[in-house]
There are 2 protein chains.
Amino acid sequence: MASKKVTIEDVARHAGVGIATVSRAINNGEGISAKTRTRILQKIEELGFVPNTSAQSLKVRLTNQIALAVPDIRNAIIPDIAWAVEQAAKAHGYRVVQINTAGNARAELEVVRDIKKLHVDGLIIMPLAYPKTLPELINKAGVPISVINYGKQLDSTLQADIVCLSMLEGQLVMDHLKQIGRSRIAYAGTQKDVIEDRYLAYERALDRVDASLVYFGDDFSLQTGTRAADYFHGLAHMPDAVYAVNDMVAIGLVNRFKELGVRVPEEVAVVGVDNNQWTTISSPQISSVSIMGSEVARLAAELLLKRIRDQIIGDYEKVQFEPRLIVRESSVSLKRSAMHDA
Amino acid sequence: MASKKVTIEDVARHAGVGIATVSRAINNGEGISAKTRTRILQKIEELGFVPNTSAQSLKVRLTNQIALAVPDIRNAIIPDIAWAVEQAAKAHGYRVVQINTAGNARAELEVVRDIKKLHVDGLIIMPLAYPKTLPELINKAGVPISVINYGKQLDSTLQADIVCLSMLEGQLVMDHLKQIGRSRIAYAGTQKDVIEDRYLAYERALDRVDASLVYFGDDFSLQTGTRAADYFHGLAHMPDAVYAVNDMVAIGLVNRFKELGVRVPEEVAVVGVDNNQWTTISSPQISSVSIMGSEVARLAAELLLKRIRDQIIGDYEKVQFEPRLIVRESSVSLKRSAMHDA
DNA sequence: CGGGTTTTCGGAATCGTTTCCGAAAAATTT
DNA sequence: AAATTTTTCGGAAACGATTCCGAAAACCCG
């Protein structure tokens, strides 16, 4: 049943040529006449020959696979990123091995340390925990690496291509909130060092931060938003705006506020980050910052694949995208309608 | 810099043993004394030796990789499925190659036809288009396959493990809607043959279907829901309930109804399928049917890995999970509060 | 048609493992 | 201590491709 396993030699024998010639036929190689090529190709079809990938890889030292290590495929913008990477890879004849690190420091280190065992030609990693020893491991990985970076200032000696935002997400949000006249601005996020820059922008934008207006939850989930809303609502003096670390938290906030009878945006304006599809579904629709997930991911993949193809070593690129603020109902009341900042 | 590439022979030489012995040390092989093993392991550490996966695969004929082919990683429950598969695979020392078929018939056929080129030991496929020739290709794939199946009745001669729902999602929804006294029940989905069974259940539950109450959109997106709401709203005689093919469509419906001033659930009850996390965020919260995505995926992975490990051939399993209806505000008004059906 | 180029082709080595099988060493028995 | 059994180890042959290099065939042109 399971066809006995036909090798390049079988093809050569049946076609009456040498194995070298068959190999040339497979790989569109030079130095082979059109007629013999078609004859061989036909025999290949006939015998159902499929080149053994392992043997090819062993000889050529390329696997046509890259690994993509993300925190959790189920969260927020990660599916967009995974999709963009897969599309780019496919366009270059590459496949993608998915790895979830769970935003776990050990897992992130492990994937980089053991990358050689992974049978891949390169790695795209989106670190969350970003343990201190990660850069060091990346530098000695021995395999091309692209880093998709959100919210962390990276050491520029890193031997990897880096694609990130210009770190202005936070500033965009804060500027907007101040511009619409809010003064008691709160922050809702996870631990401050997880997506560091989002929080730091908050501090930078204020003369002094009121510790009671900062809520740190456990994760990026809707629940964190819900809890944050409860917390802020319980305050003697409520904030008049909340800058949420991402859209999930923002949506959680808005929904809970609604349940508590707090009017958004009249009493409290809420702005998130990510600009995922749910921002337009939530009611009120959520103002948010587009962080260009697909574009970032696509570029990270392109850089990696180029590096692999051309065997570039050193000469690392660092590309920054510009985030864009999209104003919706959660920060500007319906009357003024939605508008888009370019 | 890039350590010259150290092979098993280097290790053997340095450790003063034969390569066969080193191999045994790596693979916890039999017939090797504890002391030589530890000595070799130490040398391996010292030299930074990493076994070449391609060479191993070439010899052993196993790649420790499986492929996961899904319509689109960005949609609905697919991230959950991808996550569950990756977890199960990791637990068995396997890696997962992600493939998006875009629900495209050609892509689905292609991945099965070319599975041998993919350097994997098995395939988990979640077909959407399900072209007629797919079963045939699956049967002659020559590689173990698990099928994650939603909404299609499969030919039982399929030579693959199948994990699916008991096809009762639709009936659960319809029973519920009828039980709460709705009589003009509409359906909102994609083309009827995409997730066939969800629609067929609709037909089955009614004495006769009123064609004007059936809306087919282009996809499973929020937009489809929005458009469906517009459509139903424009009808001379509106439905008093809508059964949506999935939660995205349900949420789109509910939101648009709200904008149009149609009260949910008082005027129109809406029930979706998937029970994703947004059902509890939407307002009103969406009644939905849990389709056990993670469990289904995990089992599909386990069956596949078992088949690979034990080299089972034939003797295919077909496992059905029972969907569960979860009643929320979009079908039962707030007064009666939310309740859960077990 | 003969000498010189250019194309086309095949043999054999190689990539880095695993594993069979026989030999050496150690352990056990007599 | 010799004989026998059991453990431990090493050499060498695969696994299935790619590719270098030399030889044969085809082509060119006066």
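Here is the naming used below: chain letters follow the sequence lines, and residue numbers restart at 1 for every chain. Side chains are part of it too, since the values below use all heavy atoms of this structure and drop only hydrogens, waters and symmetry mates.
Each of A:N52 and B:V17 has a nearest nucleotide on DNA chain D; the 5'-most of these lies closest to B:V17. In terms of position on DNA chain D, the residue among B:A55 and B:G31 whose nearest nucleotide sits closer to the 5' end is B:G31. Summary of the strand contacts: B:F49 and A:A34 both lie near DNA chain C, and taking for each the nucleotide with the nearest heavy atom, the more 5' one is attributed to A:A34.
Counting non-hydrogen atoms under 4.0 angstrom, B:S54 reaches nothing in the nucleic acid. Across all strands, B:I32 comes closer than 4.0 Å only to sugar-phosphate atoms, never to a base (heavy-atom distances). At the heavy-atom level, A:R61 lies under 4.0 Å from the strands shown only through sugar-phosphate atoms. Nucleic acid contact class of A:S23 (heavy atoms, under 4.0 Å, all strands): base. Residue contacts for A:V50: at a heavy-atom cut-off of 4.0 Å it reaches the sugar-phosphate backbone alone, with no base atom in range. B:V11 comes within 4.0 angstrom of nothing in the nucleic acid, heavy atoms only. Residue B:T53 is classed as having no contact, given no heavy-atom separation below 4.0 Å to the nucleic acid. Among the heavy atoms of the strands lying under 4.0 Å from B:T7 are primed sugar atoms or P, OP1, OP2 only; no base atom is included.
Distances shown here put a side-chain N or O of A:N27 below 4.0 Å from the OP1 or OP2 atom of D:dT18.
Atom CD1 of B:I73 sits about 6.0 Å away from atom CD of A:Q98, to the nearest 0.5 Å. How far NZ of A:K117 is from OG1 of B:T53: 9.5 Å, rounded to the nearest 0.5 Å.
With D:dT19, D:dG16, D:dA14 as the choices, the nucleotide that has an atom nearest any side-chain atom of B:K59 turns out to be D:dA14.
In this structure, the side chains of A:M126 and A:I78 come closer than 4.5 Å at one or more pairs of heavy atoms.
Looking only at distances, a side-chain donor or acceptor of A:T63 sits under 3.5 Å from a matching main-chain atom of A:H119.
Protein chain A contacts DNA chain C from C:dT8 to C:dG16, reading 5' to 3' and using non-hydrogen atoms of the protein with a distance under 4.0 Å.
Salt bridge present: B:D161 and B:R307 bring a charged side-chain N and a carboxylate O closer than 4.0 Å. No salt bridge links B:R298 with B:E295; every basic N to acidic carboxylate O contact stays at or beyond 4.0 Å.
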